[in-house]
Structures are given as C-alpha cells and as structure tokens.
Asker: 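Please find one structure pasted underneath; my questions will follow.
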Protein chains: 2
Amino acid sequence: MELSNKKTAEMFKAVCDENRIKILKLLQGGEKCACVLLDDLHITQPTLSHHMKILCDSEIVVGRKEGKWMYYSISPEGADRAISVFRALTDVHGQGDCCCKE
Amino acid sequence: MELSNKKTAEMFKAVCDENRIKILKLLQGGEKCACVLLDDLHITQPTLSHHMKILCDSEIVVGRKEGKWMYYSISPEGADRAISVFRALTDVHGQGDCCCKE
DNA sequence: TTGACAAATAGAAAATCGTGAATATAATAT
DNA sequence: ATATTATATTCACGATTTTCTATTTGTCAA
C-alpha cells in the first residue's frame with residue numbers, strides 16, 4: 001500500500017468527524033439512500049452531501065446513482081485498504097536508536 | 001471495542017495530519033526521543049509537542065520520560081485497538097433497505 | 001415543456017486545527 | 001542556588017473544516 005502522506009491523511013478524515021462516524025454506523029446496516037441518512041442525522045442536505053463526498057473520496061464508502069437518488073454503502077474493499085494503510089503506518093520494523101544519552 | 005463517536009474521531013485524528021503521519025513513519029524505526037523527531041521534521045518544538053500529545057491521546061503512540069528526555073514509540077496494542085475500532089465501524093452487518101423506490 | 005423532487009455546488013459565517021513566539025515547568029549540571 | 005537544556009503550555013493568528021442559506025443541476029412525471 002503506497003500512498004502519499006496527503007492521501008493517507010485524506011483517507012482517515014473519513015473517521016475523524018462525529019457525523020461521518022454516525023453515517024458509517026448507519027451504513028453498516030447496508031446500502032442506504034441519502035434521504036434516509038438525512039432523516040437520521042440532524043444536519044441539512046448540503047452538509048450531508050459534503051460529508052458523503054469526503055467519505056467517497058476516502059473510498060471507504062461508495063455511491064451509486066439510481067434515477068434521482070443516491071445510494072451509499074460501505075466498500076469492504078475500501079475499508080480493507082484503509083486497514084492495510086493503517087498497518088503499513090504502524091508496524092514497527094526497528095529497534096529504535098539512542099540519541100541523547102550515552 | 002465500545003467507544004464514543006467523539007473518542008473514535010479523536011483516535012483517528014492521529015492519522016489525519018501529514019506531520020503526524022511523518023512522525024509515525026519515523027517511529028516505525030523504533031523508539032525515538034523528541035529531539036530526534038524534531039531534527040527530522042521542519043517544525044518548531046512546541047508544534048512537535050502538540051502533535052505528540054494528539055498521538056499519545058490516541059494511544060497509538062506512547063511516551064516515556066527519562067530524565068529530561070521524552071522517548072516516544074508506537075504502541076502495537078494501541079495500533080491494534082485502532083484497527084479493531086475501525087473494523088467495528090466498517091463491517092457491514094445488514095442488507096440495506098429500500099426507501100425511495102418500490 | 002413545466003413542475004416537483006433529490007442531490008450537488010457556491011458562498012459565507014462559525015468553529016476547529018496547525019503553527020510559532022513567548023513563557024513555564026522539569027531535570028540536570030556547575 | 002544558578003545556569004542550561006528538554007519538553008510542555010499559553011496565546012494569538014492564519015488556514016482549514018463544518019455548517020448553513022441560496023441556488024443550480026439532474027431526473028422523473030404530468
């Protein structure tokens with residue numbers, strides 16, 4: 001998983017906001033259309049649209065347009081990718097080194 | 001892994017900033033003292049201190065004081081916890097439901 | 001084509017975040 | 001005790017983010 005630091009930061013922005021976390025929890029129940037999400041969150045439609053854009057940009061959520069409705073769902077592949085990126089960023093491959101004392 | 005949405009958001013703030021991602025990458029080489037991190041990043045000491053606080057609050061990084069030096073390292077347990085929280089937030093346990101069309 | 005509805009975009013206000021200068025605290029050395 | 005060094009905290013400022021209102025775009029039904 002090679003990703004620029006910028007892209008990595010963007011990816012995890014998905015889970016850095018309480019409303020987006022709520023949205024993810026709602027989507028765990030399966031694909032939902034935007035209007036349903038809107039009913040469950042106390043935010044306006046443009047605000048939801050903004051958050052969905054961030055979630056889709058992270059690729060953890062995918063959107064599907066059907067007529068005038070947008071359906072959103074969690075992408076298991078996207079979620080796995082995020083976990084891979086997180087792992088690649090947090091496993092320790094060294095012993096550390098001493099610097100200040102000797 | 002039960003965590004409030006607020007706590008979850010805080011946890012992933014660790015990986016939402018490019019400098020913090022750089023810091024994690026440096027810590028993958030093992031425990032480092034703050035002064036070494038400071039040398040490798042083009043930020044001031046108070047800024048580093050600020051980022052280290054966010055990283056430690058997320059519990060992905062732990063700090064250890066030794067004399068006047070602070071040593072930081074990645075906590076594998078903290079990283080695993082973050083992955084568990086992320087998983088708990090992104091696995092899909094439902095089929096979704098239809099709302100707008102029938 | 002017109003009207004109605006869903007979602008996206010533009011623009012602006014408010015809140016949050018990242019940053020550095022100045023200062024404070026803590027630990028060591030003289 | 002005083003000086004020095006490493007880190008943390010405080011404060012202020014600019015940048016970014018979240019949010020809203022207003023508007024636009026896209027789609028379907030009369």
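Lettering of chains follows the sequences in order, A, B, ..., and the numbering in each one begins at 1.
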Asker: In whole angstroms, how far is the C1' atom of C/dA8 from the CH2 atom of A/W69?
Answerer: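 Those two atoms, CH2 and C1', are 17 Å apart.
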Asker: B/S73 and side-chain contact (heavy atoms from CB on, under 4.5 Å): which partner among B/L27, B/V62, B/V61?
Answerer: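 That would be B/V62; it is the only one of B/L27, B/V62, B/V61 passing the side-chain contact (heavy atoms from CB on, under 4.5 Å) with B/S73.
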Asker: For D/dT18, take OP1 and OP2 only and decide whether either is under 4.0 Å from a side-chain N or O of A/T47.
Answerer: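 Checking A/T47 against D/dT18: no side-chain N or O falls below 4.0 Å of OP1 or OP2.
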Asker: Compare every heavy atom of B/K32 with every heavy atom of B/G29, then report the nearest pair and how far apart it is.
Answerer: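 What the structure gives for the nearest pair is C-NZ, 3.7 Å.
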Asker: Can you name the closest pair of heavy atoms from A/G78 and A/I60 and give their distance?
Answerer: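 Distance-wise, the nearest heavy atoms are O-CG1, 4.1 Å.
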Asker: Heavy atom of residues 51-60 of chain B under 4.0 Å from DNA chain D: which residues?
Answerer: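 Output list: empty, so none.
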Asker: Between C/dA6 and A/Q45, counting only base atoms on the nucleotide and side-chain atoms on the residue, is there a donor-acceptor pair under 3.5 Å?
Answerer: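 In this structure, the two groups form no donor-acceptor pair.
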Asker: For A/T44 and B/Y72, find the nucleotide of DNA chain D closest to each by heavy atoms; which residue's nucleotide sits nearer the 5' end?
Answerer: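 Final value for this comparison: B/Y72.
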Asker: Atom CG of B/L37 and atom C1' of D/dA8: how far apart are they, to the nearest Å?
Answerer: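 So the CG-C1' distance, B/L37 to D/dA8, works out to 15 Å.
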Asker: If two hydrophobic side chains count as joined below 4.5 Å and joins carry through other members, does B/L41 share a cluster with B/I21?
Answerer: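 Same cluster.
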Asker: Which one, C/dA27, C/dA8, D/dT7, comes nearest to the side chain of B/K65?
Answerer: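 Of the candidates, C/dA27 comes closest.
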Asker: Going through the checks in order, is the salt bridge (Lys or Arg N to Asp or Glu O under 4.0 Å) test met by A/D57 and A/K53?
Answerer: CA-CA 6 Å; A/D57 285 350; A/K53 180 157 172 43; 3.5 Å; yes
Asker: Nearest to the side chain of A/K68 - D/dT7, D/dG26, C/dA27?
Answerer: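 Of the options given, the side chain of A/K68 lies nearest D/dG26.
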Asker: Nearest to the side chain of B/P46 - C/dA22, D/dT7, D/dT19?
Answerer: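 Taking heavy atoms from C-beta onward, the closest nucleotide is C/dA22.
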Asker: Would you find a donor on one side and an acceptor on the other, under 3.5 Å apart, between the side chain of B/T47 and the backbone of B/I43?
Answerer: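 Checked: no pair found.
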Asker: Report the C-alpha distance between B/R20 and B/E18 in whole Å, list the side-chain angles of each, state the deciding distance to 0.1 Å, and finish with yes or no for salt bridge (Lys or Arg N to Asp or Glu O under 4.0 Å).
Answerer: CA-CA 5 Å; B/R20 290 194 288 272; B/E18 291 193 56; over 6 Å; no
Asker: May I have the distance from B/H50 (atom NE2) to D/dA12 (atom C1'), rounded to whole angstrom?
Answerer: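 Taking NE2 of B/H50 and C1' of D/dA12, I get 14 Å after rounding.
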Asker: Checking the side chain of A/Q28 only, and the main-chain atoms of B/A88 only, is there a donor and an acceptor separated by less than 3.5 Å?
Answerer: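 Checking the backbone N and O of B/A88 against the side chain of A/Q28, a donor-acceptor pair under 3.5 Å is found.
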Asker: Kindly say if B/S49 contacts the phosphate of D/dT7, meaning a side-chain N or O under 4.0 Å from OP1 or OP2.
Answerer: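 No, no such contact exists.
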Asker: Write down the distance between CE (B/M70) and P (C/dA27), rounded to a whole number of angstrom.
Answerer: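 Between P of C/dA27 and CE of B/M70: 11 Å.
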Asker: Please report the interatomic distance CG(A/D80) to CZ(A/R87), rounded to the nearest 0.5 Å.
Answerer: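 So the gap between those two atoms works out to 9.5 Å.
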Asker: What nucleic acid atoms does B/I43 come within less than 4.0 Å of, heavy atoms only: base, sugar-phosphate, or nothing?
Answerer: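 It contacts sugar-phosphate atoms only.
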Asker: Tell me, which of residues 10-27 of chain A have any heavy atom that sits under 4.0 Å from an atom in DNA chain D?
Answerer: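 The stretch gives A/K13, A/D17, A/N19, A/R20 as the residues lying under 4.0 Å from the strand, ordered by number.
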